[in-house]
Amino acid sequence: DVQLVESGGGSVQAGGSLTLSCAAGRYTYKRNCMGWFRQRPGKDREGLAVLWIGGATTTYADSVKGRFIITRDKAKDLVYLQMNGLQPEDTGMYYCAADRGCRMRLLFRLLLPWDYWGQGTQVTVS
């Protein structure tokens, strides 16, 4: 089945950048929507960016708009989250998610369950 593997997390100083990668393996038809979420210490999981692959449409949280960019490399079958201008409040566990459908607004707000989740990668900003 679909297995999502995140990478690229680490420690960075405030103002720095990181690019996270999500490898999704096989079953492309099961991944029409890809998203990035994070869970900060003591907080609920929150949506950061969602990409509707079929429609090439993206949506972002206000807190990251203009700083984070979600992209997909079709040839490598990777989804990225480029993060610029990182701040200490961006510290948290970052997760990749995939869904066969793409009801973006509901998925972004976690009002619908995603079909697949990765294990997460830690980002620490100091």
Side-chain angles (χ1 to χ4, degrees):
D1 209 349
V2 176
Q3 291 187 337
L4 304 178
V5 180
E6 302 97 335
S7 61
S11 297
V12 64
Q13 291 189 336
S17 299
L18 281 175
T19 298
L20 306 182
S21 300
C22 176
R26 302 180 294 170
Y27 306 111
T28 305
Y29 70 94
K30 292 187 178 181
R31 296 179 277 109
N32 197 31
C33 213
M34 300 292 295
W36 284 98
F37 293 78
R38 74 180 171 199
Q39 189 157 14
R40 295 181 282 183
K43 304 278 188 180
D44 292 334
R45 192 171 296 191
E46 59 180 330
L48 301 176
V50 171
L51 168 66
W52 173 27
I53 294 172
T57 302
T58 57
T59 191
Y60 293 92
D62 288 342
S63 60
V64 305
K65 201 173 293 184
R67 298 191 299 131
F68 292 10
I69 302 172
I70 184 171
T71 57
R72 178 191 178 221
D73 186 323
K74 185 178 180 180
K76 296 181 179 179
D77 207 11
L78 291 171
V79 174
Y80 301 101
L81 184 68
Q82 181 180 340
M83 306 185 294
N84 303 310
L86 286 163
Q87 299 300 319
E89 53 266 33
D90 293 314
T91 293
M93 187 69 78
Y94 283 66
Y95 298 91
C96 175
D99 199 83
R100 284 166 288 190
C102 203
R103 299 178 69 179
M104 289 184 74
R105 291 183 190 178
L106 296 177
L107 287 169
F108 179 79
R109 295 168 60 195
L110 293 172
L111 295 177
L112 280 178
W114 288 76
D115 291 327
Y116 308 100
W117 287 94
Q119 294 299 308
T121 184
Q122 177 69 34
V123 172
T124 303
V125 185
S126 59

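Given the structure is predicted, the values throughout are model-derived calculations rather than measurements. Start at 1 with the first residue, then count along the sequence.
Between V50 and I70 there is no side-chain heavy-atom pair separated by less than 4.5 Å. Side-chain contact check for L20 versus Q82: every heavy-atom pair is 4.5 Å or farther apart. Residues S63 and R38 meet the side-chain proximity criterion, which asks for heavy atoms closer than 4.5 Å.
Heavy-atom contacts from other residues, nucleotides or ligands closer than 6.0 Å to CD of Q13 number 12 or fewer. In the displayed structure, D44 atom CG is contacted under 6.0 Å by at most 12 heavy atoms of other residues, nucleotides or ligands. The environment of CD in Q119 is sparse: at most 12 heavy-atom neighbours from other residues, nucleotides or ligands sit within 6.0 Å. For Q39, the CD atom counts as densely surrounded, since its 6.0 Å shell holds more than 12 non-hydrogen atoms of other residues, nucleotides or ligands. Heavy-atom neighbours of R109 CZ from other residues, nucleotides or ligands within 6.0 Å: at or below the threshold of 12.
Across R72 and L51, no two heavy atoms sit closer than the pair CB-CD2, 3.7 Å. Summarising the geometry of P113 relative to L107, their closest heavy-atom pair is O-CD2, 3.9 Å, with the distance given to 0.1 Å. Closest approach of G47 and A61 over heavy atoms only: O-CB, 3.3 Å. Here the shortest heavy-atom pairing between L4 and A98 reads CD1-N, 3.6 Å. When all heavy atoms of N32 and G54 are compared, the closest pair comes out as OD1-N, 3.3 Å. Closest of all the heavy-atom pairs between A14 and Q87 is CB-OE1, 4.2 Å.
Between the CG atom of L86 and the CZ atom of R67 there is a distance of 6.5 Å, given to the nearest 0.5 Å. Summarising the geometry, atom CG belonging to L81 is positioned 9.0 Å from atom CD1 belonging to I69; distances are rounded to the nearest 0.5 Å.
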Check the pair M34, I53 against side chain to side chain contact (heavy atoms under 4.5 Å, CB included), reporting the backbone distance first and the verdict last. CA-CA 7 Å; M34 300 292 295; I53 294 172; 3.7 Å; yes
Dump the intermediate steps for side chain to side chain contact (heavy atoms under 4.5 Å, CB included) on R40 and E46, then the final yes or no. CA-CA 9 Å; R40 295 181 282 183; E46 59 180 330; 3.0 Å; yes
Check the pair D90 / M83 against side chain to side chain contact (heavy atoms under 4.5 Å, CB included), numbers first and verdict last. CA-CA 10 Å; D90 293 314; M83 306 185 294; over 6 Å; no
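Among pairs with a residue in residues 33-70, those fulfilling ring-ring contact (aromatic ring centres under 6.0 Å, His included) read F37-W114, F37-W117, at least two apart in sequence or across chains.
Residues L112 and L48 fall into different hydrophobic clusters, defined by Ile, Leu, Val, Met, Phe, Trp and Tyr side chains chained together at heavy-atom separations under 4.5 Å. Residue Y116 is not grouped with residue F108 when hydrophobic side chains (ILVMFWY) are merged at heavy-atom distances under 4.5 angstrom, including chains of intermediate members.
A donor-acceptor pair is defined here as one N or O able to donate and one able to accept, closer than 3.5 Å; such a pair exists between the side chain of T91 and the backbone of V125. Panel note: side chain D99, backbone C33; no donor-acceptor pair is recorded below 3.5 Å. Remark: the backbone N or O of T121 is not paired with any side-chain donor or acceptor of E6 at under 3.5 angstrom.
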